[in-house]
Amino acid sequence: MGFRKDFLWGGAIAACQAEGAYDVDGKSLTFPDIIKHISPEERKTFSQAIVTEETIKQGKEGPVSDYPKRWGIDFYHTYKEDIKLFAEMGFKVFRFSISLARIFPTLDEKDPNEKALLYYDDVINECLKYHIEPLVTIAHFDPPILIWEKYGGWSNRHMIDVFVKYATCLFRRYKDKVKYWVTFNEINMMTKAPFKTVAMIAGEGKEYEDKRWTAVHNQFVASAKSVFEAKKINPNFVIGCMIADITTYPYSSDPDDVLANFKKDHMLNLAFLDVMVKGYYPYYFKNYLKVHGIDVKMQAEDADVIAKGVVDFVGASYYMSIVTADDPNGKAITGGNMTGGLRNEKIKTVTDWGWQIDPVGLRIAVNELYDRYEKPIFILENGIGAIEELENGTVHDTYRIEYLKSHLKELKKAADDGCDIIGYTWWGPIDLVSSGTSEMSKRYGFIYVDQDDDGNGTKKRYPKDSFYWYKELIATNGENL
Ligand code: BGP
């Protein structure tokens, strides 16, 4: 069987990690704009929940040179050259995000910022020129700081209106150009890094928890309303949701570990998809809120909106897996994509950042999601960050080819298992600033960008060995895996 004939092969990036141009053409300041570069030493104690009022204050006053996402890889100006390289690899799809801070910089403008829209028109036209499907993520980890400052984060229902206005503006503008959309990137990461998702700074206690869960509820409503509006504009739009899928296994066959794992999978991964794909809060989600005394401010019409605005496909990123034990005390831990977990002794290889490399976990994840929802699955991110240096104009990244090959073999097996998988977008096809630690030296690309953590370098682009491997893979639709 293998991959569908129309399988969407490509790559994914995000505005806040690639575009740079943080204050160009009217853009307002976002949370990623105020996250400093985290050194390997600081990484050991760094928490994703670290943003405070002080971080914001420092960010506004501090020198631009402290904040790598402000310059990214200058994609705002290099998109033509970069998309040309993606086309050379044979991309069928290119996933990128649009920045709310560019389109409605103060959130409440009646009309969108035309200059910013013209930029995105160009990016989309450039894709179409090479017959690459643009896949737009409407919100990818870059909430404007004003969401916090004006409204106290997404817990304010006003954000539903802001988002629907913004999404609808994009749907109208790109009605005939963009078919594939994702409303929120990794919506479940509100549990780990609320500043990136629901625009809330660090906090604790009941009031904070009530707000955090109300905030994600408001995102469920905003997504559903947007899907509903989108279909009125173009019924052929294909719209998805997305989680960071952290596949988790029981620590042992002890029934208590199995049960703990079952529950962990629910609240780490599945709860968010259940609401957006099935269209209602499942029993265990409602129970979790009740048991933890969390009051989510819902309105009477929300259930109906969520039921009507379900998505067309299930999107997930997949980087790694963890294990879960009933009693985690004293057990070895592993690093990870925003959230680590317990170490799996069966997994021998980890990335330079300690993320456990587990290709079979991808097959398991896809089967689990397809089994649960019976809707097309789109792997929206998968990749390996590594420290690399340019050698005679290239990088011999055999480990990246190995990572890619082993994951795609498992994805193909998932297709052979009967799962309907519509696409795969590698994170990130070109080196870019890392989300978690603002490092440039954590490189994911098939294309090397000559720039260091401080923004020094020629910014020239160089294809790595993996560039040619992926090109061949796409040309043969993965048949030779
Ligand atoms: C995902 C995000 C991406 C991306 C990736 C890798 O969670 O959606 O934006 O960056 O993780 O993470 P990092 O950049 O921290 O290595």
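Position 1 is the first residue of the sequence, and the numbers go up from there. Start at 1 and go down the list; that is how both ligands and their atoms are numbered. Just the heavy atoms: all of them, side chains too, but no hydrogens, waters or symmetry mates, feed the values below. Values in this document were obtained by computation on a predicted structure and should not be read as measured data.
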Using a heavy-atom cut-off of under 4.0 Å, does the side chain or the backbone of Ala14 touch ligand 1, or both, or neither? neither

Counting only heavy atoms closer than 4.0 Å, does ligand 1 sit against the backbone of Trp427, its side chain, both, or neither? side chain

Residues forming a salt bridge (Lys or Arg N to Asp or Glu O under 4.0 Å) with Glu209, sequence neighbours excluded: Arg212

As an exercise, identify every atom of ligand 1 less than 4.0 angstrom from a heavy atom of Asn185. 8 (O)

Tyr444 heavy atoms within 4.0 Å reach ligand 1 at atoms 6 (C), 12 (O), 13 (P), 16 (O)

Check this for me, if you would: do Asp431 and Lys464 make a salt bridge, where the nitrogen-to-carboxylate-oxygen distance has to be below 4.0 angstrom? yes

Are any of the N/O atoms on [X], whether in the backbone or the side chain, positioned under 3.5 angstrom from an N/O atom of ligand 1?
{"X": "Ser435", "answer": "yes"}
{"X": "Lys442", "answer": "yes"}
{"X": "Val433", "answer": "no"}

Looking at residues at least two apart in the chain, or sitting in another chain, which of them share a side chain to side chain contact (heavy atoms under 4.5 Å, CB included) with Pro463? Phe467, Tyr468

Do the ring centers of Trp353 and Tyr319 come within less than 6.0 Å of each other? no

Centroid-centroid distance, Trp426 to Phe91, less than 6.0 Å: no

If you measure from each heavy atom of Met189 to ligand 1, is any distance below 4.0 Å? no

Geometric class of the Phe3/Phe7 ring pair [parallel <30°, tilted 30-60°, perpendicular >60°]: tilted

